[in-house]
Amino acid sequence: MSNKPSITVLYFAAASTTVGLTSEVVTIPQSGLPLASLGDLLISLHPSTQLKRVLECSQWSVDAEMVEDPEKLVLKGGEEVAVICPVSGG
């Protein structure tokens, strides 16, 4: 079993369609990872997709709480992070 910290990323709507997954476990640095940097990490894991475009208009949720300022939150490991895409409806 690895002692490297990891997070679970949940993909919904367009994000799920783009990467072909509903979730994945992602290893993060031992020192933690600013939430604002997670998008770049995910894009590097899925380089042949349009994930960058999807993330540009998405928001983050960490442990079922919407995040207002991703610059202020550092992921330490064990968190569940969701990519929340915009939805439309009537």
Side-chain angles (χ1 to χ4, degrees):
M1 188 145 205
S2 175
N3 62 354
K4 294 182 179 181
S6 63
I7 60 171
T8 300
V9 179
L10 305 178
Y11 297 103
F12 297 102
S16 176
T17 301
T18 299
V19 298
L21 300 168
T22 56
S23 69
E24 72 178 319
V25 175
V26 176
T27 301
I28 61 172
Q30 195 74 35
S31 58
L33 179 74
L35 180 58
S37 300
L38 180 58
D40 289 336
L41 175 59
L42 297 177
I43 291 164
S44 74
L45 296 174
H46 303 282
S48 300
T49 68
Q50 294 295 314
L51 186 57
K52 180 178 181 179
R53 191 168 150 205
V54 171
L55 293 177
E56 287 172 352
C57 61
S58 298
Q59 293 183 291
W60 300 105
S61 168
V62 176
D63 293 333
E65 296 285 333
M66 293 302 295
V67 176
E68 294 293 325
D69 189 355
E71 297 288 336
K72 293 182 178 178
L73 196 146
V74 177
L75 301 167
K76 300 291 187 187
E79 296 92 347
E80 184 177 76
V81 181
V83 179
I84 308 296
C85 299
V87 289
S88 61

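Taking hydrophobic clusters as Ile, Leu, Val, Met, Phe, Trp and Tyr residues chained together by side-chain heavy-atom distances below 4.5 Å, Ile28 shares a cluster with Val67. Note: the hydrophobic cluster containing Val19 also contains Val26 (ILVMFWY, side chain heavy atoms under 4.5 Å, direct or indirect links). By the rule that hydrophobic residues join a cluster once side-chain heavy atoms approach within less than 4.5 Å of another member, Val25 and Leu41 end up as members of separate clusters.
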Q) Run the side chain to side chain contact (heavy atoms under 4.5 Å, CB included) check on Leu38 and Leu42 step by step: do they pass? A) CA-CA 6 Å; Leu38 180 58; Leu42 297 177; 3.9 Å; yes

Q) Going through the distances and angles, do Asp69 and Glu71 end up as a side chain to side chain contact (heavy atoms under 4.5 Å, CB included)? A) CA-CA 5 Å; Asp69 189 355; Glu71 297 288 336; 3.3 Å; yes

(Q) Run Thr22 and Tyr11 through side chain to side chain contact (heavy atoms under 4.5 Å, CB included) and show every step you take. (A) CA-CA 5 Å; Thr22 56; Tyr11 297 103; 5.7 Å; no

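At a threshold of 4.5 Å between non-hydrogen side-chain atoms, the residues Val81 and Trp60 count as touching. The side-chain heavy atoms of Pro34 and Pro70, taken from C-beta on, include no pair separated by under 4.5 Å.
Leu73 CG to Glu65 CD: the interatomic distance, rounded to the nearest 0.5 Å, is 11.0 Å. The line from CD1 of Ile43 to OG of Ser48 is 12.5 Å long, rounded to the nearest 0.5 Å. Residue Ser58 holds its OG atom at 11.5 Å from CZ of Phe12, rounded to the nearest 0.5 Å.
Annotation for Glu56: atom CD counts as buried by contact number, over 12 foreign heavy atoms lying within 6.0 Å.
Annotation for Ser61 and Ile84: closest pair CB-CG1, 4.0 Å, computed over non-hydrogen atoms. Closest approach of Val54 and Cys85 over heavy atoms only: CG1-SG, 3.8 Å. The minimum heavy-atom distance between Gln30 and Pro5, with the atom names listed, is OE1-CD, 3.4 Å.
Using a distance-only test at 3.5 Å, with no hydrogens or angles considered, no donor-acceptor pair links the side chain of Ser37 to the main chain of Leu33. No donor-acceptor pair under 3.5 Å is formed between the side chain of Ser16 and the backbone N or O of Ala13. Judged by distance alone, with hydrogens and angles left aside, the side-chain atoms of Glu24 form no donor-acceptor pair with the main-chain N or O of Leu21 at under 3.5 Å.
Val74 shares a hydrophobic cluster with no other residue; no ILVMFWY side chain has heavy atoms under 4.5 Å from its own.
Of the residues Val62, Val9, Leu10, the one that meets the side chain to side chain contact (heavy atoms under 4.5 Å, CB included) test with Glu80 is Leu10.
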